[in-house]
Amino acid sequence: MSLFVVAVWPSLRRTDWSPTLWSAGVTSLSVGVLSVSVLLGLALSALQNPLYRVLEGYVLWPSALTAYGCARRRQAKRDLQDRLMLIRLERQEAEDRLAPDDTARLTALRANPRIARAARKDRRRTAVQRALLRERLARYPVDDAQVAPTMLGNSIRRFEEYGYDRFRLDTQVMWNELTGSAPEQVRRQVDLARANVDFFVALLYGHCAVVLSAAAALTAPRPDVPLLLTAIAVPGFLIPVWYRAAVSATDEWSAAVRALVNTGRKPLAESLGLHLPGHVAAEREMWTLVSKVSRLPHHERAAELDPFRAKPPESSPS
């Protein structure tokens, strides 16, 4: 808002309708600007999910662009996997621990021009820098079918699918139940971690609004062209910076959601009157049924949950 007032508003004051606004007085105008800012903030908060979906590549994206973005992100994921595999195999080769079956794989990776170009840089990386490659790979969902067309979409999708991939617990369907029964500290961590991402997303959209406003102000009578061009160039440069910062901030959000799933499954099962099985396979079966019961109309197959129901306490004899 301050950037808009300093850089864009002086040019807008020269429009035909500006004297009408200023005739109301500085106090009334200040109150009006403050009111508009508050209402705009409330509106953006209410539109939070649609605004995220635009950046994730789910809304307002043509189908052809979505398909291209998904294919590009899947290729980037495979390249990271191959680069990390090449690093591991070359380390095993240097230590004379390379298995015979991995020799052909190593030869194929070295023959890939795209991987070979990246490998020349990877060999000069330190152990910490190579760990950053694993961090970038961790920002993709496990299932290639879940890959989104944008980096932010994949960074969010990876923890949206975490509960389902590990335990068949559909956290998208059971989110309210899960957060309602999880420990308070874990819920607070999720909220704080998301607030960091929200901050950068808000900066991104705010700077987009400033850029558009400055571009529109160029059509006003006697605009301050150098100032407006600066108002376009500086936020325009920062927009991709805020986007990258939002992607990086999802790491903490992902860790918080992972903790929510890991620590909240048992309280969730108990709140639903279920007993958490002692075997992973049985637990995955239970959460599959729970998700279906919550998502689909009632069916006789809901009775398959009966073996997982907690036994009611026996009444004491009177």
Side-chain angles (χ1 to χ4, degrees), residues 1 34 37-59 135-143 146-148 150-209 238-272 274 276 283 287 290-291 294-295:
M1 181 59 70
L34 179 60
S37 301
V38 172
L39 290 175
L40 183 61
L42 293 174
L44 291 177
S45 178
L47 294 172
Q48 190 176 73
N49 286 339
L51 293 176
Y52 263 95
R53 290 184 180 275
V54 172
L55 296 179
E56 292 176 74
Y58 300 143
V59 174
E135 186 177 278
R136 287 170 55 187
L137 179 59
R139 290 180 183 146
Y140 285 91
V142 175
D143 186 0
Q146 298 293 325
V147 169
T150 68
M151 290 189 296
L152 184 61
N154 288 304
S155 297
I156 293 176
R157 192 60 185 161
R158 58 166 164 169
F159 59 80
E160 288 180 340
E161 72 151 9
Y162 174 80
Y164 185 80
D165 177 73
R166 294 335 190 255
F167 308 105
R168 286 298 183 263
L169 171 58
D170 193 336
T171 54
Q172 297 299 97
V173 174
M174 305 294 297
W175 181 256
N176 289 333
E177 292 88 343
L178 180 61
T179 55
S181 57
E184 175 64 26
Q185 180 61 32
V186 178
R187 295 202 305 269
R188 190 180 301 114
Q189 288 175 347
V190 173
D191 293 337
L192 291 176
R194 172 161 184 168
N196 294 332
V197 183
D198 290 344
F199 173 74
F200 291 115
V201 170
L203 282 177
L204 187 153
Y205 276 107
H207 281 187
C208 285
L238 289 175
I239 285 172
V241 174
W242 303 141
Y243 184 86
R244 292 277 185 171
V247 171
S248 298
T250 59
D251 291 344
E252 185 65 25
W253 192 3
S254 175
V257 172
R258 186 172 65 245
L260 180 70
V261 173
N262 292 338
T263 63
R265 294 181 353 264
K266 189 174 188 296
L268 175 60
E270 292 173 351
S271 67
L272 296 175
L274 302 173
L276 196 66
E283 182 182 351
W287 289 125
V290 170
S291 299
S294 300
R295 187 178 68 252

Between [Y] and [X], is there a side-chain heavy-atom distance shorter than 4.5 Å?
{"X": "Gln189", "Y": "Glu252", "result": "no"}
{"X": "Met174", "Y": "Leu272", "result": "yes"}
{"X": "Arg168", "Y": "Ser291", "result": "no"}
{"X": "Tyr162", "Y": "Val257", "result": "no"}
{"X": "Thr250", "Y": "Leu152", "result": "yes"}
{"X": "Thr171", "Y": "Leu260", "result": "no"}
{"X": "Val59", "Y": "Pro50", "result": "no"}
{"X": "Tyr164", "Y": "Gln172", "result": "no"}

Verdict with supporting geometry, Glu177 and Ser271, side-chain contact (heavy atoms from CB on, under 4.5 Å): CA-CA 9 Å; Glu177 292 88 343; Ser271 67; 5.9 Å; no
Measuring from [X]:[atom1] to [Y]:[atom2], what's the distance to the nearest 0.5 Å?
{"X": "Ser155", "Y": "Leu55", "atom1": "OG", "atom2": "CG", "result": "11.5 Å"}
{"X": "Asp170", "Y": "Glu160", "atom1": "CG", "atom2": "CD", "result": "10.0 Å"}
{"X": "Asp198", "Y": "Tyr52", "atom1": "CG", "atom2": "OH", "result": "3.5 Å"}
{"X": "Tyr205", "Y": "Ile239", "atom1": "OH", "atom2": "CD1", "result": "11.0 Å"}

SB check Arg53 Glu56 (cutoff 4.0 Å): no
side-chain contact (heavy atoms from CB on, under 4.5 Å) assessment of Val147 paired with Arg157: CA-CA 8 Å; Val147 169; Arg157 192 60 185 161; over 6 Å; no
Under 3.5 Å side-chain donor-acceptor pair for Asn49 and Tyr58: no
side-chain contact (heavy atoms from CB on, under 4.5 Å) assessment of Leu169 paired with Leu268: CA-CA 11 Å; Leu169 171 58; Leu268 175 60; 4.1 Å; yes
Derivation and outcome, side-chain contact (heavy atoms from CB on, under 4.5 Å), residues Gln146 and Asp165: CA-CA 11 Å; Gln146 298 293 325; Asp165 177 73; over 6 Å; no
Can you give me the closest heavy-atom contact between [X] and [Y], atom names plus distance?
{"X": "Ala259", "Y": "Val186", "answer": "C-CG1, 3.9 Å"}
{"X": "Thr263", "Y": "Pro267", "answer": "O-CD, 3.3 Å"}
{"X": "Gly163", "Y": "Val261", "answer": "CA-CG1, 3.9 Å"}

Passing option when Glu283 is tested against Arg166, Lys266, Arg265 for salt bridge (Lys or Arg N to Asp or Glu O under 4.0 Å): Arg265
Arg295 CZ: over 12 foreign heavy atoms closer than 6.0 Å: yes
Parallel, tilted or perpendicular: ring planes of Trp253 versus Phe159, cut at 30 and 60 degrees: tilted
Salt bridge (charged side-chain N to carboxylate O under 4.0 Å, His left out) partners of Arg139, counting only residues at least two apart: Glu135, Asp251
